[in-house]
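Sequence lines set the chain letters: A, B, ... in the order given, protein chains first and strands last, and positions in each chain run from 1. None of the values given here were measured: they were computed from a predicted structure. The figures here come from the full heavy-atom set of this structure, side chains too, leaving out hydrogens, waters and symmetry mates.
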Amino acid sequence: MRSSIRRSMPLFPIGTVMKLTDLSARQIRYYEEHQLIHPQRTEGNRRLFSLNDIDRLFEVKDLLDEGINMAGIKKLLLEEGKTVVHSDLKDEEGKGKKDFTDEEVRKLLRKELINAGRFQRPDSSFGEKFRKFH
DNA sequence: ATTCTTACA
DNA sequence: TGTAAGGA
(Lines give C-alpha, C1' and ligand atoms only; values in the text may rest on other atoms or scores of the structure.)
Protein backbone atom coordinates (compact mmCIF):
# COMPACT_ATOMS: atom_id res chain seq x y z
CA MET A 1 0.00 0.00 0.00
CA ARG A 2 1.04 3.67 0.07
CA SER A 3 4.23 4.90 1.59
CA SER A 4 3.06 6.06 4.98
CA ILE A 5 4.83 6.65 8.21
CA ARG A 6 3.84 4.06 10.76
CA ARG A 7 1.01 5.46 12.80
CA SER A 8 2.44 3.84 15.86
CA MET A 9 5.69 5.77 15.68
CA PRO A 10 6.37 7.61 18.96
CA LEU A 11 6.20 11.31 18.19
CA PHE A 12 4.52 13.71 20.58
CA PRO A 13 5.12 14.59 24.23
CA ILE A 14 2.13 14.77 26.56
CA GLY A 15 1.91 18.54 26.33
CA THR A 16 1.21 18.35 22.63
CA VAL A 17 -1.31 15.59 23.08
CA MET A 18 -3.10 17.66 25.69
CA LYS A 19 -3.57 20.50 23.23
CA LEU A 20 -4.55 18.19 20.41
CA THR A 21 -7.13 16.19 22.33
CA ASP A 22 -8.10 18.83 24.86
CA LEU A 23 -7.70 16.23 27.60
CA SER A 24 -5.80 16.86 30.85
CA ALA A 25 -2.48 15.16 31.58
CA ARG A 26 -4.29 13.46 34.46
CA GLN A 27 -6.85 11.97 32.13
CA ILE A 28 -4.31 10.91 29.54
CA ARG A 29 -2.19 9.14 32.15
CA TYR A 30 -5.29 7.60 33.67
CA TYR A 31 -6.33 6.11 30.33
CA GLU A 32 -2.86 4.74 29.95
CA GLU A 33 -3.19 2.99 33.30
CA HIS A 34 -6.31 1.40 31.93
CA GLN A 35 -4.45 0.09 28.89
CA LEU A 36 -6.42 2.27 26.49
CA ILE A 37 -3.21 3.70 25.05
CA HIS A 38 0.39 2.55 25.15
CA PRO A 39 2.71 5.50 24.66
CA GLN A 40 6.38 4.63 24.59
CA ARG A 41 8.94 6.26 26.88
CA THR A 42 12.10 8.15 26.20
CA GLU A 43 15.31 7.41 28.05
CA GLY A 44 14.25 10.10 30.45
CA ASN A 45 10.95 8.33 31.14
CA ARG A 46 8.96 10.88 29.15
CA ARG A 47 5.93 9.55 27.31
CA LEU A 48 5.89 9.75 23.52
CA PHE A 49 2.49 9.31 21.90
CA SER A 50 1.86 7.98 18.41
CA LEU A 51 -0.88 8.98 16.02
CA ASN A 52 -2.66 5.79 17.01
CA ASP A 53 -2.55 6.84 20.63
CA ILE A 54 -4.08 10.17 19.72
CA ASP A 55 -6.79 8.50 17.63
CA ARG A 56 -7.60 6.33 20.60
CA LEU A 57 -7.72 9.30 22.91
CA PHE A 58 -10.31 10.95 20.68
CA GLU A 59 -12.36 7.78 20.70
CA VAL A 60 -12.19 7.63 24.47
CA LYS A 61 -13.24 11.23 24.68
CA ASP A 62 -16.23 10.65 22.40
CA LEU A 63 -17.30 7.58 24.35
CA LEU A 64 -16.99 9.54 27.58
CA ASP A 65 -19.22 12.27 26.18
CA GLU A 66 -21.75 9.59 25.41
CA GLY A 67 -21.82 8.75 29.07
CA ILE A 68 -19.87 5.51 28.91
CA ASN A 69 -17.65 4.65 31.89
CA MET A 70 -14.11 3.24 31.95
CA ALA A 71 -15.38 -0.30 32.20
CA GLY A 72 -17.47 0.12 29.09
CA ILE A 73 -14.79 1.94 27.19
CA LYS A 74 -12.25 -0.69 28.04
CA LYS A 75 -14.51 -3.46 26.88
CA LEU A 76 -15.10 -1.71 23.59
CA LEU A 77 -11.63 -0.44 22.83
CA LEU A 78 -9.59 -3.18 24.43
CA GLU A 79 -10.83 -5.75 21.91
CA GLU A 80 -9.88 -3.57 18.98
CA GLY A 81 -6.78 -2.75 20.94
CA LYS A 82 -5.30 -6.09 20.16
CA THR A 83 -5.08 -4.89 16.60
CA VAL A 84 -3.89 -1.37 17.28
CA VAL A 85 -1.34 -2.16 19.93
CA HIS A 86 0.66 -4.32 17.59
CA SER A 87 0.06 -2.34 14.46
CA ASP A 88 3.54 -1.29 13.51
CA LEU A 89 3.11 -2.51 9.97
CA LYS A 90 -0.63 -2.59 9.48
CA ASP A 91 -3.47 -1.19 11.49
CA GLU A 92 -6.18 0.13 9.24
CA GLU A 93 -6.91 -3.13 7.48
CA GLY A 94 -10.44 -4.20 8.14
CA LYS A 95 -11.18 -1.32 10.42
CA GLY A 96 -12.58 1.00 7.82
CA LYS A 97 -10.43 3.82 9.14
CA LYS A 98 -8.57 6.07 6.76
CA ASP A 99 -4.83 6.37 6.98
CA PHE A 100 -2.86 9.59 6.97
CA THR A 101 -0.93 10.37 3.86
CA ASP A 102 2.72 11.20 4.21
CA GLU A 103 1.92 14.79 3.46
CA GLU A 104 -0.65 15.00 6.21
CA VAL A 105 1.76 13.54 8.71
CA ARG A 106 4.56 15.83 7.63
CA LYS A 107 2.21 18.74 7.96
CA LEU A 108 1.48 17.81 11.56
CA LEU A 109 5.11 17.20 12.35
CA ARG A 110 6.16 20.49 10.82
CA LYS A 111 3.67 22.32 12.96
CA GLU A 112 5.09 20.58 15.99
CA LEU A 113 8.64 21.50 15.14
CA ILE A 114 7.67 25.09 14.49
CA ASN A 115 5.93 25.42 17.82
CA ALA A 116 8.51 23.41 19.71
CA GLY A 117 11.03 26.18 19.89
CA ARG A 118 8.83 29.03 20.84
CA PHE A 119 7.09 30.38 23.86
CA GLN A 120 3.63 29.52 24.98
CA ARG A 121 0.91 29.87 22.44
CA PRO A 122 -2.73 29.19 23.03
CA ASP A 123 -3.97 27.11 20.14
CA SER A 124 -7.60 26.14 20.07
CA SER A 125 -8.12 25.23 16.44
CA PHE A 126 -5.47 22.61 15.86
CA GLY A 127 -7.30 19.99 17.81
CA GLU A 128 -10.42 20.41 15.73
CA LYS A 129 -8.48 20.47 12.49
CA PHE A 130 -6.67 17.30 13.50
CA ARG A 131 -9.92 15.70 14.39
CA LYS A 132 -11.35 16.46 10.97
CA PHE A 133 -9.01 13.92 9.42
CA HIS A 134 -11.38 11.37 10.81
C1' DA B 1 10.19 25.01 30.99
C1' DT B 2 8.19 20.14 30.98
C1' DT B 3 6.96 15.93 32.55
C1' DC B 4 6.99 12.17 36.11
C1' DT B 5 5.12 9.75 40.30
C1' DT B 6 2.64 9.78 44.44
C1' DA B 7 -0.91 11.21 47.39
C1' DC B 8 -5.07 13.72 49.29
C1' DA B 9 -7.24 19.85 53.49
C1' DT C 1 -10.39 14.33 38.24
C1' DG C 2 -7.84 18.30 40.02
C1' DT C 3 -3.84 19.65 42.13
C1' DA C 4 0.23 20.07 45.21
C1' DA C 5 4.81 18.25 46.23
C1' DG C 6 9.48 16.98 45.07
C1' DG C 7 12.63 15.12 41.90
C1' DA C 8 14.61 14.46 37.03
Side-chain angles (χ1 to χ4, degrees):
Chain A
M1 199 174 267
R2 73 303 112 165
S3 57
S4 67
I5 296 176
R6 286 171 289 191
R7 296 166 60 68
S8 55
M9 182 183 282
L11 302 170
F12 326 85
I14 198 167
T16 298
V17 179
M18 288 172 70
K19 295 167 188 166
L20 255 41
T21 64
D22 200 32
L23 289 171
S24 66
R26 183 79 166 83
Q27 291 176 297
I28 296 172
R29 292 172 183 139
Y30 180 69
Y31 303 147
E32 176 186 30
E33 287 184 56
H34 286 267
Q35 312 291 293
L36 268 35
I37 51 177
H38 303 82
Q40 292 195 197
R41 298 294 183 114
T42 63
E43 290 180 38
N45 197 39
R46 261 75 180 131
R47 268 169 274 248
L48 283 185
F49 302 76
S50 68
L51 291 171
N52 277 332
D53 290 322
I54 295 175
D55 283 344
R56 185 57 133 285
L57 253 16
F58 276 128
E59 295 183 65
V60 173
K61 192 180 181 185
D62 291 335
L63 263 32
L64 243 34
D65 289 330
E66 293 171 36
I68 301 175
N69 55 47
M70 246 338 84
I73 294 177
K74 288 180 69 175
K75 184 176 183 180
L76 294 175
L77 301 182
L78 226 49
E79 308 170 33
E80 169 201 2
K82 295 169 185 172
T83 299
V84 178
V85 175
H86 306 297
S87 62
D88 281 320
L89 302 177
K90 55 179 174 61
D91 62 80
E92 77 286 357
E93 237 63 67
K95 290 206 321 175
K97 305 214 71 169
K98 285 173 288 185
D99 200 358
F100 282 81
T101 64
D102 278 9
E103 190 178 336
E104 291 174 321
V105 175
R106 293 179 190 298
K107 195 172 184 180
L108 293 172
L109 292 177
R110 178 168 54 67
K111 208 173 183 79
E112 281 312 305
L113 293 175
I114 291 175
N115 296 324
R118 77 192 218 194
F119 299 32
Q120 301 156 299
R121 51 95 221 205
D123 186 327
S124 58
S125 62
F126 192 38
E128 294 175 47
K129 291 177 184 175
F130 183 89
R131 199 167 195 167
K132 283 207 165 191
F133 282 120
H134 295 294

Bounds of contact between DNA chain C and chain A, in 5' to 3' order, using a heavy-atom cut-off under 4.0 Å: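 That gives a stretch of C:dT1 to C:dA8.
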Got a list of protein N/O to nucleotides 3-7 of chain B N/O distances below 3.5 Å?
from  : atom 1 : to      : atom 2 : distance (Å)
B:dT3 : OP1    : A:Gly15 : N      : 2.8
B:dT3 : O2     : A:Arg46 : NH2    : 3.0
B:dC4 : OP1    : A:Arg47 : N      : 2.9
B:dC4 : OP1    : A:Arg47 : NE     : 2.9
B:dC4 : OP2    : A:Arg29 : NE     : 3.3
B:dC4 : OP2    : A:Arg29 : NH2    : 2.7
B:dC4 : O3'    : A:Asn45 : ND2    : 3.1
B:dT5 : OP1    : A:Arg41 : NH1    : 3.1
B:dT5 : OP1    : A:Arg41 : NH2    : 3.1
B:dT5 : OP2    : A:Arg47 : NH2    : 2.4

5'-to-3' dot-bracket of DNA chain C (Watson-Crick, G-U; under 3.5 angstrom; crossing pairs as [ ]; | other strand): .|||||.|
Sidechain-backbone polar pair: A:Thr16 side chain, A:Phe12 backbone, donor-acceptor under 3.5 Å: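 Side chain of A:Thr16 to backbone of A:Phe12: no pair is present.
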Any donor-acceptor N/O pair, A:Asp55 side chain to A:Asn52 backbone, under 3.5 Å: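 No, the answer is negative, given that no donor and acceptor are paired below the 3.5 Å cut-off.
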Sequence-distant partners of A:Leu48, side chain to side chain contact (heavy atoms under 4.5 Å, CB included), two or more places apart: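 By the side chain to side chain contact (heavy atoms under 4.5 Å, CB included) rule, A:Leu48 matches A:Pro10, A:Thr42.
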Spacing of [X] atom [atom1] and [Y] atom [atom2] [to the nearest 0.5 Å]:
X	Y	atom1	atom2	result
A:Asp53	A:His38	CG	NE2	8.5 Å
A:Gln40	A:Leu11	CD	CG	9.5 Å
A:Leu63	A:Met70	CG	CE	9.0 Å

A:Leu20 side chain near A:Phe49 side chain, heavy-atom distance below 4.5 Å: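 No - every pair of side-chain heavy atoms lies 4.5 Å or more apart.
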Partner of A:Leu57 by side chain to side chain contact (heavy atoms under 4.5 Å, CB included), out of A:Val17, A:Leu36, A:Asp22: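 Between A:Leu57 and the candidates, side chain to side chain contact (heavy atoms under 4.5 Å, CB included) is satisfied uniquely by A:Val17.
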Taking every non-hydrogen atom, the tightest pair across A:Leu23 and A:Tyr31: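 Where A:Leu23 meets A:Tyr31 most closely, the heavy atoms are CD1-CE1, 4.1 Å.
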Contact list for residues 36-51 of chain A, test salt bridge (Lys or Arg N to Asp or Glu O under 4.0 Å), sequence neighbours left out: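 Sorted pair list: A:Glu32-A:Arg41, A:Glu32-A:Arg47.
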